[in-house]
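What follows is a single structure, written as structure tokens, with notes after it.
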Amino acid sequence: MRPALVDDDRFLLHRARGLHPERPERLLAARAALNDAGMRPAFEPLPARPATAAELQRVHHAAYVAQALRTLDGGGDGHLDADTFFSAGTRDAALAAAGGAVDLACALVQGDARGGLALLRPPGHHATPDTAMGFCIFNNVAAAAAAALATGRVARVLIVDWDVHHGNGTQDAFWEDDRVLYFSSHQFPFYPGTGRASEIGAGRGRGFTLNVPLPAGCGDAEYAAAYLATLVPAARRFRPDLVLVSAGFDAYAGDPLAEMEVTPAGFAELGRLVRGLAPDGAPDRIGVLLEGGYALDGLGACLLAALRALLFDDPPPHAHAAAAEQEMPRPEALPAPVRRVVEELRRAHDDRWWSDA
């Protein structure tokens with residue numbers, strides 16, 4: 001069994017009239033990277049189909065879905081907010097992106113794919129239950145997680161969002177839901193202005209939102225340390241049945257929209273750490289969904305590095321057991337920017353995820 005690949009030419013139809021960083025060339029760069037590396041034949045194509053209103057309404061308000069579709073049905077060019085454009089092909093692209101994400105998650109939990117990748121446009125993690133924003137119209141990863149839970153085959157979903165921008169829409173979708181552990185590492189302060197360590201969820205979901213707001217300039221060492229100190233012990237206790245990665249690559253050094261310094265090797269290390277948190281440390285229930293990333297060369301290189309670690313490379317012997325037994329790094333061993341964030345995060349959560357780490 002091969003990993004599934006969601007990729008569709010409809011995603012290219014979403015195109016701004018003028019220059020815009022979220023452009024079709026991003027998808028072409030990701031495709032070229034897979035092809036040049038000889039990796040594409042390793043995937044089994046999974047056709048994208050339009051998401052249904054019911055699937056979207058698991059994570060969006062019905063009124064928003066109806067309003068967005070009415071606007072997109074009109075065709076032509078316009079904006080849903082200052083940053084989020086639409087064109088004549090956007091309706092088909094946005095619905096196919098959400099539907100492809102849903103079907104990928106369902107294929108993973110039903111055992112029909114050994115992991116998977118969805119090369120989606122438009123991205124989704126900023127789309128809130130009732131608002132399009134930040135280049136995003138429908139929240140692809142949230143719809144995927146909700147669909148997986150609706151099958152009854154999984155009880156706990158981990159969403160790891162390493163896009164450089166906080167995924168405020170995904171956070172909002174599961175703010176009161178203890179079935180989803182939402183983890184985000186992001187540049188802060190930065191767009192969209194959310195993602196403080198003190199934002200931890202509410203009601204039954206209190207404590208199931210983990211935000212790691214990092215200052216500009218963090219690179220491979222800081223990211224790896226932050227994940228080891230926060231995500232690894234939390235996910236160890238959460239024990240996810242499915243792992244979905246909101247895979248934005250705009251933390252790449254040189255990305256025009258951000259100020260982080262992560263290299264392809266850094267994304268490979270994040271991939272190795274996340275793979276160790278999946279059931280049995282296997283890729284079978286890991287879905288990778290494209291979010292941001294606006295330096296085309298960096299997008300391709302970082303995507304390949306992360307995919308190899310997440311889905312293809314054989315992990316070192318006992319890697320899953322090592323992840324399960326990983327001790328939290330001692331505070332004095334953490335880089336200073338990470339140490340401050342970790343201390344704030346642990347206070348916000350009353351050490352619930354780290355009390356016996």
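Start at 1 with the first residue, then count along the sequence. Everything quoted here is computed from the prediction, not taken from an experiment.
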What distance do [X] atom [atom1] and [Y] atom [atom2] have between them, rounded to the nearest 0.5 Å?
X: N139; Y: H125; atom1: CG; atom2: NE2; result: 8.5 Å
X: T52; Y: L95; atom1: OG1; atom2: CG; result: 9.5 Å
X: L28; Y: L12; atom1: CG; atom2: CG; result: 5.5 Å
X: H79; Y: D83; atom1: NE2; atom2: CG; result: 8.0 Å
X: D172; Y: D130; atom1: CG; atom2: CG; result: 8.5 Å

Could you tell me whether the side chain of [X] and the main chain of [Y] form a donor-acceptor pair under 3.5 Å?
X: H349; Y: T209; value: yes
X: D280; Y: A282; value: no
X: Y252; Y: M260; value: no
X: N35; Y: R31; value: yes
X: T84; Y: D81; value: no
X: S87; Y: L13; value: yes
X: W354; Y: A229; value: yes
X: D163; Y: G292; value: yes
X: H186; Y: G195; value: yes
X: D77; Y: R17; value: no

Does anything in [range] pair up under side-chain hydrogen bond (donor to acceptor under 3.5 Å, both in side chains), and if so which pairs, sequence neighbours excluded?
range: residues 58-73; answer: D73-R91
range: residues 112-124; answer: E22-R121
range: residues 42-51; answer: R2-E44, R49-E55, R49-D103
range: residues 282-305; answer: S246-E291

Distance-only polar pair, side chains of D250 and H165, donor-acceptor under 3.5 Å: yes
Short side-chain donor-acceptor distance under 3.5 Å, D161 and Q171: no
Thinking salt bridges, do [X] and [Y] make one under a 4.0 Å N-O criterion?
X: R179; Y: D177; result: yes
X: R196; Y: E199; result: yes
X: D313; Y: R308; result: no
X: R10; Y: D92; result: no

Is the closest side-chain heavy-atom distance between [X] and [Y] below 4.5 Å?
X: L228; Y: L334; result: no
X: L242; Y: L108; result: yes
X: L303; Y: L117; result: yes
X: E222; Y: L214; result: no
X: L310; Y: L270; result: no
X: L149; Y: V180; result: yes
X: F43; Y: L311; result: yes
X: V262; Y: F249; result: no

Residue list, ring pair (Phe, Tyr, Trp, His ring centres under 6.0 Å) with F183, at least two apart or on another chain: Y227
Report whether [X] and [Y] are members of the same hydrophobic cluster (ILVMFWY, side-chain heavy atoms less than 4.5 Å apart, transitive linking).
X: L244; Y: L56; value: no
X: V160; Y: V109; value: yes
X: L304; Y: L27; value: yes
X: I137; Y: V102; value: no
X: L158; Y: I200; value: no

Indicate the atoms forming the closest heavy-atom contact of [X] with [Y], along with that distance.
X: L299; Y: A29; result: CD2-CB, 4.5 Å
X: G217; Y: E261; result: O-CG, 3.8 Å
X: W162; Y: A306; result: CZ2-CB, 3.9 Å
X: G169; Y: P129; result: O-CD, 4.4 Å
X: A48; Y: D8; result: CB-OD2, 3.9 Å
X: F188; Y: P213; result: CB-CB, 3.4 Å

Residues D178, R156; criterion salt bridge (Lys or Arg N to Asp or Glu O under 4.0 Å); working and verdict: CA-CA 8 Å; D178 62 356; R156 296 175 301 278; over 6 Å; no
Test side chain to side chain donor-acceptor pair (under 3.5 Å) applied to H166 and S184, step by step: CA-CA 6 Å; H166 178 241; S184 176; 4.5 Å; no
Stepwise side-chain contact (heavy atoms from CB on, under 4.5 Å) test for F238 and W353: CA-CA 8 Å; F238 182 67; W353 297 112; 4.1 Å; yes
Step-by-step side-chain contact (heavy atoms from CB on, under 4.5 Å) determination, V288 to L307: CA-CA 8 Å; V288 183; L307 284 178; 4.3 Å; yes
Pairwise ring-ring contact (aromatic ring centres under 6.0 Å, His included) hits with a residue in residues 4-39, at least two apart: H14-F85, H20-F85, H20-F135
More than 12 heavy atoms from other groups under 6.0 Å of CZ on R239: no
Steps toward side-chain contact (heavy atoms from CB on, under 4.5 Å) verdict (R40, D7): CA-CA 11 Å; R40 195 176 186 100; D7 183 14; 2.8 Å; yes
H126: which of T131, N168, T170 passes side-chain hydrogen bond (donor to acceptor under 3.5 Å, both in side chains): N168
Stepwise side-chain contact (heavy atoms from CB on, under 4.5 Å) test for E344 and N211: CA-CA 10 Å; E344 183 180 0; N211 285 310; over 6 Å; no
Cation over ring face, R272 and F267, 6.0 Å, 45°: no
